[in-house]
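What you see below is based on every heavy atom in this structure, not just the backbone, and it leaves out hydrogens, waters and symmetry mates. Source: prediction; values computed, not measured.
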Amino acid sequence: MGIRTDWPTFTATLVVLIGICTPLLVMQEQANDFINAAFGVMTSHFGILYLWGGIGAVLLLLWLSFSRFGQVKLGSPDDTPEFTAFSWAGMLFCAGIGSGILYWGVIEWAYYLQSPPMGIEANSDTAAEWAATYGMFHWGITAWAFYGVPAIPLAYLYHVRKQPELKLSAACEGVLGKHAHGPLGKIIDILFMFGLLGGVGTSLGLGTPMVAAGISEVFGIENSFGLSIFVMVLCTAIFGISAYSGLKKGIKVLSDINVWLAIALLVFIVVAGPTLFILKTTTNSLGLMFQNFIQMNFWTDPVTNSGFPEGWTIFYWAWWIAYGPFMGLFVAKISRGRTIRQVINGMLIFGSLGCWAYFGALGNYAMHLELNDILSVTSLLNEQDAPTAIIAVINSLPLSSIVLPLFCVLALIFLATQFDSAAYTMAAVATVELKEDEHPARWQRLFWAFALATLPLSLMFVGGLKALQTAAITLALPQLFITVIMAVSLLRWLHNDERNGVHVYGTPENSVTALQDYETANAGR
């Protein structure tokens with residue numbers, strides 16, 4: 001029997017997508033008012049849940065990594081990793097951060113410099129130090145922990161329990177039982193698809209205007225909404241072709257190209273830019289972040305109510321939560337043969353290091369321009385827009401005629417890789433069964449590649465950044481509770497399977513079952 005489409009999930013998601021986009025386009029003013037009101041309600045009433053969810057995700061993954069379960073292999077005794085460590089890490093990184101790292105990596109510090117956290121004086125030296133730090137915090141360990149929590153249950157279910165379903169509902173079976181495969185399970189899968197649309201919409205809605213601004217600068221053409229639509233179509237075509245090609249010929253190739261281009265860009269900025277300032281500020285930021293990690297994760301600003309936690313940390317945590325199940329499904333698919341510890345460490349360490357490198361190089365180079373009166377980035381940001389400021393920063397680099405097109409190509413491939421992965425994941429969820437060596441139907445991957453572009457276009461047309469932020473925060477709330485159910489299911493499975501001797505530890509050469517390991521450890525007691 002061939003690959004079968006899960007038509008209820010497919011159809012319901014499509015209906016929801018049309019139901020959201022139509023009012024946004026037809027009733028623009030009312031939609032914008034609703035979006036602003038929803039943002040305030042979601043951040044003020046439910047924001048604290050996202051903060052607790054972040055620290056809970058970090059603690060759970062650290063415990064799993066250092067516990068005996070960290071050595072559990074995601075697969076059979078003779079399974080080896082399907083991809084090299086470089087390609088695996090590249091796909092993981094590119095799928096997880098997309099072009100957002102180029103957007104916020106360049107410009108995020110400018111918002112914090114003008115409106116710093118914790119009562120710090122705006123535009124002060126202390127504000128500059130914290131401005132360089134907070135972006136690294138928002139894209140660091142907690143962010144990747146939100147990705148890791150769904151990834152482990154899904155990978156465990158798929159590769160250890162051999163359940164041929166890449167669905168969130170199946171990963172909730174440890175708590176929901178048979179209900180995970182009934183109407184409740186369908187609702188969970190539809191909510192996942194819905195949340196992914198919001199998370200993906202935010203990324204594409206931010207990255208597209210930035211690429212459009214770059215193309216406008218390179219070719220000397222007007223930067224208009226029509227140009228943004230052209231970039232969206234171009235990006236959609238690229239990741240549509242890649243999604244149609246599959247994992248090894250599409251996503252892997254795009255990711256490998258992307259990683260090498262990204263490394264080349266970062267090295268050039270560090271070498272050609274203010275090298276000592278970049279290295280010193282990055283080092284200082286890491287120190288500040290680790291010293292204040294707990295405070296930054298729990299800071300709610302209850303007295304002054306500046307809005308900083310709601311507008312930034314809570315927005316980011318919601319964004320990562322909305323993306324988390326997608327990353328979990330994608331990481332599960334590419335991680336056969338690796339141990340739980342390897343997957344967790346790869347996400348927390350390599351994912352965070354990659355993001356810190358971007359904020360360290362791009363952000364601190366841009367801040368150097370501001371602090372030394374070379375380019376007023378904050379003025380461009382306030383008087384024009386973020387994409388214009390970002391392109392101006394890149395254009396100030398030596399050899400800008402080469403670097404700026406490279407930056408645009410890199411951003412476009414980042415977008416394509418991320419949405420390629422998202423289209424693959426949505427197609428997998430809308431498939432009845434998907435064995436380890438199988439892939440979703442090509443027509444489905446191609447369909448979702450184009451469908452993913454509709455929501456961000458609608459949101460960009462209505463309300464820009466605020467609309468995108470609201471979509472991410474609102475759609476992340478149900479995902480937060482689903483993620484908790486998945487985590488509890490995983491813990492139950494791990495303990496039950498350990499008692500039944502299901503686990504495989506280590507590599508094929510020294511693998512042993514959990515039951516044998518347990519009996520050896522307790523011999524003579």
Side-chain angles (χ1 to χ4, degrees), residues 3-10 12-13 53 56-57 60-61 63-64 67 69 72-76 79 146-196 321-322 324-336 340 343-344 425-436 438 440 476-504 513-515:
I3 303 297
R4 293 184 296 141
T5 300
D6 183 348
W7 286 110
T9 302
F10 181 96
T13 305
L60 175 62
L61 291 186
W63 175 79
L64 277 174
S67 73
F69 297 124
V72 172
K73 176 185 282 192
L74 299 172
S76 304
D79 281 341
F146 277 126
Y147 286 169
V149 172
I152 304 304
L154 286 160
Y156 186 86
L157 179 73
Y158 195 60
H159 296 300
V160 177
R161 292 200 145 211
K162 305 297 182 183
Q163 187 162 331
E165 287 184 286
L166 272 177
K167 297 175 180 287
L168 260 66
S169 56
C172 297
E173 186 179 355
V175 173
L176 301 181
K178 64 180 181 180
H179 299 292
H181 302 283
L184 181 58
K186 293 296 181 188
I187 293 173
I188 289 174
D189 290 331
I190 292 167
L191 284 173
F192 156 71
M193 302 278 267
F194 193 34
L196 180 57
I321 291 169
F326 146 63
M327 276 298 291
L329 287 162
F330 184 69
V331 171
K333 184 63 179 175
I334 65 174
S335 297
R336 182 176 63 183
I340 289 177
V343 174
I344 291 174
T425 302
M426 293 187 78
V429 174
T431 301
V432 175
E433 287 189 354
L434 201 66
K435 297 178 182 178
E436 288 184 306
E438 292 180 337
L477 187 59
Q479 297 287 7
L480 180 60
F481 294 105
I482 294 171
T483 302
V484 172
I485 294 174
M486 293 169 63
V488 175
S489 295
L490 172 67
L491 296 178
R492 289 184 178 180
W493 289 332
L494 285 170
H495 288 287
N496 290 338
D497 290 347
E498 182 181 51
R499 287 194 295 268
N500 295 326
V502 173
H503 296 162
V504 173
T513 65
L515 182 61

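Between the CG atom in Leu477 and the CD1 atom in Ile482 there is a gap of 10.0 Å [rounded to 0.5 Å]. Expressed to the nearest 0.5 Å, how far CD1 of Ile152 lies from CD1 of Ile344 amounts to 4.5 Å. Annotation: the span from Gln163 atom CD to His181 atom NE2 amounts to 5.0 Å, rounded to 0.5 Å. The distance from the OG atom of Ser169 to the CD1 atom of Ile190 is 10.0 Å, given to the nearest 0.5 Å. Between Glu498 atom CD and Phe69 atom CZ the span is 4.5 Å, to the nearest 0.5 Å. Between Leu184 atom CG and Asp189 atom CG the span is 10.0 Å, to the nearest 0.5 Å.
A donor-acceptor pair is defined here as one N or O able to donate and one able to accept, closer than 3.5 Å; no such pair exists between the side chain of Asp79 and the backbone of Arg336. A donor-acceptor distance shorter than 3.5 angstrom exists from the side chain of Ser489 to the backbone of Val175, with no hydrogens or angles considered. A distance-only check finds no donor-acceptor pair linking the side chain of Ser335 to the backbone of Ala332 [under 3.5 Å].
Test Leu168, Ile188, Val149 against Met486 for side-chain contact (heavy atoms from CB on, under 4.5 Å) and you get one pass: Leu168.
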Does Leu494 form a side chain to side chain contact (heavy atoms under 4.5 Å, CB included) with Leu64? I'd like the steps, not just the answer. CA-CA 10 Å; Leu494 285 170; Leu64 277 174; 3.7 Å; yes

Evaluate Leu490 against Tyr156 for side chain to side chain contact (heavy atoms under 4.5 Å, CB included), listing each step before the verdict. CA-CA 8 Å; Leu490 172 67; Tyr156 186 86; 4.0 Å; yes

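Here the closest heavy-atom approach between residue Val160 and residue Gly75 is recorded as CG2-N, 3.9 Å. The nearest pair of heavy atoms linking Leu154 to Ala171 is CD2-CB, 3.7 Å. Here the closest heavy-atom approach between residue Phe146 and residue Ala57 is recorded as N-CB, 4.3 Å. Gly53 and Leu480 make their closest contact through CA-CD1, 4.4 Å (heavy atoms, listed as atom of the first residue, atom of the second, distance).
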